[in-house]
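Keep in mind that this is a model prediction, so the values were computed, not measured.
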Amino acid sequence: MRSEKLVFEKLNNVRDLGSLETKDGKRIVKGKLLRSGHLTGASESDIEKLSKLVEIIFDFRSKKETIEKADPEIDGAEKVNLPVIRELTEGITREKKATLSLVQRFADNSEGARNHMIYIYKSFVTDELPLSSYKTFIEMLLKKRDKAALWHCTAGKDRAGFGAVIIEEILGLDRDDIFEDYLYTNECIKDEVNEIALRLAQKYLRPEPSSDELLTFNKTIEYLFGAKEEYLSGVYQKIEELYGDFNGYIRNGLKISQEKIDLFKNIYLF
């Protein structure tokens, strides 16, 4: 089961969680919960469309990312910056310096790139900053709004992706559907990732790389810029280790009470 991809001129990964079905047969209300990548580069038509759809925008990027690639002004939409990780966290934040450093570091070590990303994902549920930001995010969603709340990071796959996972867990989606929606990101951002791979290959590969060098480099790009099942599985494993299960993470990690969980369901399910 996948969230609905919305059509924009310049934005490739805007998706509505509406109509996703829970384990007990309820559905998420359409037009209320939108996830996306960064909004930089949105066309005038995209900006106009967003202004009609969105009432509040949560930006999970670092301060430096928001400066390097600022979101456009969206009429009528409140902006809330909730950085999930620190500045220059390689592999997740997309400051130019961090991205180039990371690719250079793992260009010939794809397995290192894979392990690095698994480690970063686990930090979403162990570090104080993401725990605080995701808690604030969920609590701010407890306000009923006429239009949608939209949350994003850079690509919309890691920080925003895990934000979607938290929402889908609270609302009671089947675990397989949560993973399917998470992995759907790869289809939504494939053109962007291909462009990144081409640009970085020209910078970090010699003019005529061997087949093994090219294979390793492409795997590195896949690990660094793609959504992988093992990343999300690693988070769930860490949650089980620390909190017993995802409900324990919500209650004891994010400090979201059962009363608030019930209110959340009342707002976003029908």
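- When all heavy atoms of L129 and P83 are compared, the pair lying nearest together is CG-O, 3.5 Å.
- Side-chain N or O atoms of N81 include one that pairs as donor or acceptor with a backbone N or O of D59 at under 3.5 Å.
- The environment of NZ in K10 is sparse: at most 12 heavy-atom neighbours from other residues, nucleotides or ligands sit within 6.0 Å.
- In this structure, A160 and C153 approach most closely via the heavy-atom pair N-SG, 3.4 Å.
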Could you walk me through whether N194 and E192 pass the side chain to side chain contact (heavy atoms under 4.5 Å, CB included) check? CA-CA 5 Å; N194 288 338; E192 180 182 351; over 6 Å; no

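- Inter-residue side-chain proximity for N12 and D191 is flagged as unmet; no heavy-atom pair is nearer than 4.5 Å.
- For the pair T220 (side chain) and F106 (backbone), a donor-acceptor distance under 3.5 Å is present.
- One hydrophobic cluster, built from ILVMFWY side chains closer than 4.5 Å, cannot hold both Y184 and I167; they sit in different ones.
- A donor-acceptor contact shorter than 3.5 Å links the side chain of K32 to the backbone of D146.
- No single ILVMFWY cluster, assembled from side-chain heavy atoms under 4.5 Å apart, contains both Y134 and I57.
- Between F162 and V125, some side-chain heavy-atom pair lies under the 4.5 Å cut-off.
- One distance of note links CH2 of W151 with CZ of F137; it measures 5.0 Å at 0.5 Å rounding.
- The shortest side-chain heavy-atom distance between K147 and V54 does not fall under the 4.5 Å cut-off.
- Residues I256 and F58 share a hydrophobic cluster, clusters being chains of Ile/Leu/Val/Met/Phe/Trp/Tyr side chains in contact below 4.5 Å.
- In terms of heavy-atom proximity, I267 sits nearest to V29 at O-CG2, 4.1 Å.
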Stepwise, does the side chain to side chain contact (heavy atoms under 4.5 Å, CB included) test hold for I170 with I250? CA-CA 8 Å; I170 290 175; I250 293 167; 3.5 Å; yes

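- We find that K26 and D24 are not joined by a salt bridge, their nearest charged nitrogen and carboxylate oxygen being 4.0 Å or further apart.
- Between D71 and T40, the closest side-chain pair of non-hydrogen atoms falls below 4.5 Å.
- Without hydrogens or angle criteria, K49 side chain to V7 main chain gives a donor-acceptor distance under 3.5 Å.
- Residues M117 and F225 are members of one and the same hydrophobic cluster, defined by side-chain heavy-atom contacts under 4.5 angstrom among Ile, Leu, Val, Met, Phe, Trp and Tyr.
- Side-chain N or O atoms of D46 include none that pairs as donor or acceptor with a backbone N or O of F8 at under 3.5 Å.
- We find the CG-CG distance between L39 and L11 to be 6.0 Å, quoted to the nearest 0.5 Å.
- L269 and V165 fall within the same hydrophobic cluster, where Ile, Leu, Val, Met, Phe, Trp and Tyr residues are linked whenever their side-chain heavy atoms come under 4.5 Å apart, directly or through other members.
- In this structure, the side chains of R159 and R61 come closer than 4.5 Å at one or more pairs of heavy atoms.
- Within the 3.5 Å criterion, the main-chain N or O of N186 finds no donor-acceptor partner in the side chain of K157.
- Annotation: side chain of D177 is not in contact with side chain of L20 (no heavy-atom distance under 4.5 Å).
- Contact record, G31 with A148: O-CB, 3.2 Å, taken as the closest heavy-atom pair.
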In sequence, state the C-alpha distance, the side-chain angles, and the governing distance for T216 and N109, and then conclude on side chain to side chain contact (heavy atoms under 4.5 Å, CB included). CA-CA 7 Å; T216 298; N109 180 13; 6.0 Å; no

The test is salt bridge (charged side-chain N to carboxylate O under 4.0 Å, His left out); show your working for K79 and E73 and say whether it passes. CA-CA 9 Å; K79 288 185 178 182; E73 291 297 324; 3.4 Å; yes

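- Shown here for K255 and E139, the closest heavy-atom pair between the two residues is O-OE2, 4.4 Å.
- Between F179 and Y236, the ring centre distance stays below 6.0 Å.
- For Q258, the CD atom counts as densely surrounded, since its 6.0 Å shell holds more than 12 non-hydrogen atoms of other residues, nucleotides or ligands.
- Counting non-hydrogen atoms of other residues, nucleotides and ligands closer than 6.0 Å to NZ of K5 gives a total above 12.
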Can you list the steps and then say if N13 with T185 is a side chain to side chain contact (heavy atoms under 4.5 Å, CB included)? CA-CA 7 Å; N13 191 23; T185 298; 3.9 Å; yes

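- Distance alone, capped at 3.5 Å, is enough to place a donor-acceptor pair between the Y231 side chain and the Y223 backbone.
- Without hydrogens or angle criteria, R35 side chain to G156 main chain gives a donor-acceptor distance under 3.5 Å.
- To the nearest 0.5 angstrom, L17 atom CG is 8.0 Å from L171 atom CG.
- Counted by atom type alone, E222 and N218 present zero donor-acceptor pairs between their side chains at under 3.5 Å.
- Checking side-chain atoms of E229 against main-chain N and O of L183 turns up no donor-acceptor pair under 3.5 Å.
- With a 4.5 Å cut-off on side-chain heavy atoms, F60 and D158 do not count as touching.
- Between K69 and E65, none of the side-chain N atoms (NZ, or NE/NH1/NH2) sits under 4.0 Å from a carboxylate O, so this pair counts as no salt bridge.
- Residues L131 and G253 come closest through the heavy atom pair CD2-O, 3.9 Å.
- Side-chain atoms of R15 come within 3.5 Å of backbone N or O of D181 as a donor-acceptor pair.
- Counting only heavy atoms from C-beta outward, the side chains of L102 and H116 approach each other to under 4.5 Å.
- Here CG of L33 is found 9.5 Å from CD of E168. Values are rounded to the nearest 0.5 Å.
- The line from NZ of K52 to CG of D75 is 11.5 Å long, rounded to the nearest 0.5 Å.
- For an aromatic pair to be called close, the ring centres must be under 6.0 Å apart, and Y249 with F246 satisfies this.
- If you take OH on Y268 and CG on L263, they are separated by 9.0 Å, rounding to the nearest 0.5 Å.
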